[in-house]
Amino acid sequence: MTADITEVRPTGVQLDAAAPARSRHLGLALVVISMAQLMLVLDELIVNTALPHIQQALHFSGTGLEWVVTGYAVTFGGLLMLGGRAGDILGRRRMFSAGILFFTLASLLGGFATNSALLITARVLQGVGAALAAPAGLSLIAVTFPEGRLRTRALGMYAAMTGLGGGVGVVAGGLLTTYASWRWVFFVNVPIGLLLAFGARFAIPESQRYPRRWDLPGAVTGTAGFALLIYGLTHGATGPDGIAHWTDTATILALAGAAAAMIAFVVIEARSKQPLLPLWIFADRNRAGVYLILLCLASTFFGMFFFLTLFTQVVWGYSALRGGLAYLPFVGAFMVVAGICSKVVPRFGARVPMTIGALIAPVGMFWLSRVSEQGHYLTGIALPLIVFAAAAGLIFVPLTMALVAGIADEHQGVASSMFNAGQQIGGAVGLAVIGSVAWTVVNRHVRDSLSQVAAGHNLAGHATGPSSPIYDRALSSGITTALTLGAGATVLALIVTVIAIRVRREDLPDSPLVM
């Protein structure tokens, strides 16, 4: 794999730069970087458990509520490449600390939000801070930890925090919402963020800087295309009156603008001498496959946590605390399997555990999609979550190691930003697509039920508001559809794994053959 990567590097790039400074506090550096990644990832989903409370307090609509999640993902995913470039130019530790501090201030704003617009604004600003910090964090591992077992273990820890973030987020959200307030899902980031920013200055050495152009046209077109795509998909699913608006002028203009911006982005990057996203990075078969797998899995994760949380709290009537604790089987299983996998990958390579995980993932998700109003927690949620968590643990650790293997120091920012961008783009687009279909199913089910009532059928529970029998049945049907689509995304991930992933043991960072 390393040879292939070397062949596609552009000419004129300096590859033998001076070795980066090594930290004398590697343990503390790993704690700071991995905890920062956990905070940034869990903040995508820590709000999920509190969504019903947020909706009631700030008067969100159903699709408007999705923007509490996707608003963060839009700027996080859209600005990641620019954040990675900023780290290369200005120094990765500097961008890491600056991003964490910006994220912390935005969290404070979100905690004090008094209306839906202010909360969405805070979430968007959180995404900006995360876009600066996240790519710097992963690239700092690659350039701070010496190649071999130390770097392998550090990457394994980072991958575990990435996969664990969603489960920890919903559990923490339930605890905070129950024993404090939904506002504390934002306030909790403030002391943690300040400690991480200070710890980074003490434990992590500054990386070497590489003079490059900023490629602002690429950043503007890439971010605009992504944001317009999410808006178009979300707006098209359901409008303010709860009816699908795929033919609405705003939807059509947003989707057309997204297509134009993305085409412009590709053209700009292909012609630029120092592109924000070098297209050669996709020439390696394994790395391109990793990005596609990330897109599929992220869409599954976002859809699962969003809709399953709504199901437990709205249909089953769980409290925020009980709804959060419902994910503990996922957290426990993921931690165990990811820990085992981090020891297995250096010995057997990435393909074997990734393939096994990709085979198991559709089983867990399809099982989870069978959850119903009359179902039981153990068989309907807990056991399928354990199966899916085991699959995720088998996939994420080798996937992260494969992504940075063979990448030179100066290109770590690009590789790291694409790792996080794959999660954000896949998650946001996946939630928009899955949400579009799911809310359409919910609305159609409600209309059909009301038509039966109007026709004189004896349908129990004529009310259509939240917690009414009709709405519960409609929501349950929509969530079944959403989770089934998530299962379909894991099938795509399996296909990509089988076709594209060929990472051998000697290709990974632990091998002395990797240069």
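Positions are given from 1, in the same order as the sequence printed here. Please read these numbers as outputs of a predicted model, since none were measured by experiment.
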About how many Å separate [atom2] of [Y] and [atom1] of [X], when rounded to the nearest 0.5 Å?
X      : Y      : atom1 : atom2 : value
Leu196 : Asn189 : CG    : CG    : 10.0 Å
Thr121 : Gln126 : OG1   : CD    : 11.5 Å
Ile495 : Ile293 : CD1   : CD1   : 11.5 Å
Ser319 : His53  : OG    : NE2   : 7.5 Å
Gln37  : Leu42  : CD    : CG    : 10.0 Å
Phe307 : Leu310 : CZ    : CG    : 7.0 Å

Is the cationic atom of Arg183 (NZ for Lys, CZ for Arg) positioned less than 6.0 Å from the six-membered ring centroid of Phe186 and within 45 degrees of its normal?
no
With side-chain contact (heavy atoms from CB on, under 4.5 Å) as the criterion, how do Ile100 and Met39 come out once you've worked through the C-alpha distance, each side chain's angles and the decisive distance to 0.1 Å?
CA-CA 10 Å; Ile100 292 296; Met39 181 179 71; 4.0 Å; yes
Under 3.5 Å, is there a donor on one side chain and an acceptor on the other for Ser372 and Arg473?
no
Would you check if there is a donor-acceptor pair between the side chains of Tyr377 and Thr312 at a distance under 3.5 Å?
no
Could you pull out all donor-acceptor pairs under 3.5 Å where a side-chain atom in residues 380-395 meets a protein atom, sequence neighbours excluded?
none

Aromatic plane relationship, Trp184 with Phe187 - under 30° parallel, 30 to 60° tilted, over 60° perpendicular
perpendicular
OH (Tyr318) with more than 12 external heavy atoms under 6.0 Å:
yes
